[in-house]
Asks: 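Below is the structure I would like to discuss, written out as structure tokens.
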Amino acid sequence: MPELPEVECIRRALEGLLVGRTLSLDHIARQDIVGSLSNPRGQRRGPVKPIADEQLLHRSVVDRVLRKGKQLAIGSLCDRWLIVRLGMSGQLLTGSAASERCDHVHARWTIGGGASLAFRDARRFGSLIPCPSLSELEAHWQRLGPDALSIDPMDLLDRLRSRKLAVKAGLLNQQIVAGVGNIYADESLFRARIHPRTVCTSFRHEHAVRLAESLREVLASAIEHGGSTLRDYCSPSGITGSFRLVHQVYGREGQCCLICGAKLSGARVGGRATVWCPTCQGRRIK
DNA sequence: CTGGTCTCCTGATCGC
DNA sequence: TGCGATCAGGAGACCA
């Protein structure tokens with residue numbers, strides 16, 4: 001379940017491994033994981049259109065690796081881009097991690113004639129999206145909200161306050177703020193001492209300040225720890241992240257709050273399993 | 001337009 | 001030990 005910190009760790013690793021190297025597409029095992037800008041999830045039913053190898057960076061020299069929210073984009077010198085969305089279980093693997101795993105590998109490249117790069121995704125919620133230029137990429141990413149790592153409190157307030165939904169659901173909406181998934185939504189709300197069911201319309205400036213700051217702290221800390229590994233996530237070289245060890249609420253329903261000792265509550269909010277501290281995160285917004 | 005629910009997909013886990 | 005049921009979750013589809 002890669003969220004912003006995990007994707008940022010992958011981006012940094014890929015940047016070091018790929019920039020200046022030429023990719024050669026070895027094979028695509030499943031065409032249906034390839035999407036388009038107008039249909040990001042790909043052709044999941046019906047006949048699949050074949051994709052030109054060049055659109056998947058075949059014989060392209062990698063120039064940059066960018067990220068916005070949970071999306072990655074690998075850019076080539078000739079301004080061809082490949083957006084990678086990892087979904088639930090997607091991985092980009094390199095080196096021995098790439099060559100050792102064969103199951104669920106949907107696409108594979110060779111890096112500069114040597115090492116291997118593999119896109120692996122057991123649950124197939126992820127996709128690869130060819131993009132013809134940086135300007136098209138920027139237009140596509142414009143539809144996402146600001147990146148959660150650097151969102152401005154006033155911007156966050158503006159985006160949330162018009163919505164009549166639980167703040168937890170708001171954080172999970174990538175058009176409001178990009179990069180937050182279930183883990184970091186719960187963690188940042190806990191740190192900001194805001195109840196996940198707080199209706200966004202009741203937000204005031206101070207709450208947005210607290211939430212934006214908590215998002216930044218939680219996400220930056222997770223990046224430093226190499227991300228959270230629950231099941232599938234690992235870095236391109238196959239290393240798992242350690243942030244799970246410092247989760248304060250996620251996955252801890254029924255256990256004691258690490259701040260006040262109260263028993264952590266759990267319920268579904270915004271359609272997702274949610275955990276919070278009934279004492280630290282009061283029902284009424286403070 | 002908005003917000004809630006359904007759906008896709010497979011591996012891990014649980015109860016029997 | 002084996003097996004079916006259940007759950008997890010990103011995000012588009014769909015509906016009231």
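Throughout, protein chains are lettered first and strands after them, A, B, ... in sequence-line order, and every chain is numbered starting at 1. Model, not experiment: these values are computed from the prediction.
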Asks: Any pair with a residue in residues 150-185 of chain A that passes ring-ring contact (aromatic ring centres under 6.0 Å, His included), sequence neighbours left out, goes on the list, sorted by first then second residue, please.
Replies: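 Sorted result for residues 150-185 of chain A: A/Tyr184-A/Phe243.
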
Asks: Tabulate below the donor-acceptor pairs under 3.5 Å that side-chain atoms of residues 74-81 of chain A make, not counting sequence neighbours, or state none.
Replies:
unit_1	atom_1	unit_2	atom_2	d
A/Ser76	OG	A/Cys78	N	3.4
A/Ser76	OG	A/Arg80	N	3.1
A/Ser76	OG	A/Arg80	O	3.2
A/Asp79	OD1	A/Trp81	NE1	2.8
A/Asp79	OD1	A/Leu134	N	3.1
A/Asp79	OD2	A/Leu134	N	3.4
A/Arg80	NE	A/Glu54	O	3.3

Asks: For A/Ser96, what residues pass the side-chain contact (heavy atoms from CB on, under 4.5 Å) criterion, not counting sequence neighbours?
Replies: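 side-chain contact (heavy atoms from CB on, under 4.5 Å) check on A/Ser96 returns A/Ser99, A/Glu100.
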
Asks: Rounded to whole angstrom units, what separation is found between the NE2 atom of A/His106 and the C1' atom of B/dT10?
Replies: 10 Å

Asks: With DNA chain B as reference, determine whether A/Arg30 or A/Ala169 sits nearer its 5' end, using the nearest nucleotide of each.
Replies: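 It is A/Ala169 whose nearest nucleotide is closer to the 5' end.
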
Asks: Rounded to 10°, tell me the angle between the two end axes of the helix from B/dT2-C/dA16 to B/dC16-C/dG2, each built from five pairs.
Replies: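 Rounded to the nearest 10 degrees, the bend comes out at 50°.
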
Asks: Side chains of residues 55-63 of chain A: which donor-acceptor pairs under 3.5 Å do they make with residues two or more places apart or in other chains?
Replies:
unit_1	atom_1	unit_2	atom_2	d
A/His58	ND1	A/Leu25	N	2.9
A/Ser60	OG	A/Leu57	O	3.4

Asks: Where along residues 151-164 of chain A does a heavy atom come under 4.0 Å from DNA chain B, residue by residue in number order?
Replies: A/Arg163, A/Lys164

Asks: Checking A/Trp276 now: which residues fulfil side chain to side chain donor-acceptor pair (under 3.5 Å) with it, not counting sequence neighbours?
Replies: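 Testing A/Trp276 for side chain to side chain donor-acceptor pair (under 3.5 Å), a comparison that skips the adjacent residues, returns A/His195.
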
Asks: Considering only Ile, Leu, Val, Met, Phe, Trp and Tyr, and joining two whenever side-chain heavy atoms are under 4.5 Å apart, list the other residues clustered with A/Leu264.
Replies: A/Phe190, A/Val249, A/Ile259, A/Val275

Asks: Would you say a side-chain N or O of A/Arg268 is under 4.0 Å from OP1 or OP2 of B/dG4?
Replies: no

Asks: Among all residues two or more places apart in sequence or in another chain, which pass the salt bridge (Lys or Arg N to Asp or Glu O under 4.0 Å) test with A/Arg12?
Replies: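 Testing A/Arg12 for salt bridge (Lys or Arg N to Asp or Glu O under 4.0 Å), a comparison that skips the adjacent residues, returns A/Glu8.
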
Asks: Which atom pair, heavy atoms only, marks the closest approach of A/Pro2 to A/Leu86?
Replies: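 So the minimum-distance heavy-atom pair works out to CG-CB, 3.6 Å.
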
Asks: Send over the distance from A/Arg197 CZ to B/dG4 C1', rounded to a whole Å.
Replies: 14 Å

Asks: Run the side-chain donor-acceptor check on residues 154-161 of chain A: report pairs under 3.5 Å with partners two or more places apart or on a different chain.
Replies:
unit_1	atom_1	unit_2	atom_2	d
A/Asp155	OD1	A/Arg159	NE	3.2
A/Arg159	NH1	A/Gln175	O	3.1
A/Arg159	NH1	A/Ile176	O	3.4

Asks: With sequence neighbours left out, which residue pairs that include part of residues 217-228 of chain A fulfil the salt bridge (Lys or Arg N to Asp or Glu O under 4.0 Å) condition?
Replies: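 Of all non-adjacent pairs touching residues 217-228 of chain A, those that pass salt bridge (Lys or Arg N to Asp or Glu O under 4.0 Å) are A/Arg191-A/Glu217.
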
Asks: Specify the separation, in whole Å, of atom CG of A/Asp32 and atom P of B/dT10.
Replies: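 Atom-to-atom, A/Asp32 to B/dT10, this comes out as 10 Å.
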
Asks: Looking at A/Arg252 and A/Gln248, would you say the former's side chain and the latter's main chain have a donor-acceptor pair under 3.5 Å?
Replies: yes

Asks: Each nucleotide in nucleotides 10-16 of chain C should get exactly one letter: B, S or -. Can you fill that in based on protein heavy atoms under 4.0 Å?
Replies: BBS----

Asks: How close or far is atom P of B/dT10 from atom CZ of A/Arg120, stated in whole angstroms?
Replies: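 Roughly 13 Å, once rounded to whole Å.
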
Asks: Of the nucleotides B/dG11, C/dA8, C/dG9, which one has an atom closest to the side chain of A/His104?
Replies: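 Closest nucleotide among those given: B/dG11.
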
Asks: Between P on B/dT7 and CZ on A/Arg123, what's the gap in Å once rounded to a whole number?
Replies: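 About 19 Å, once rounded to whole Å.
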
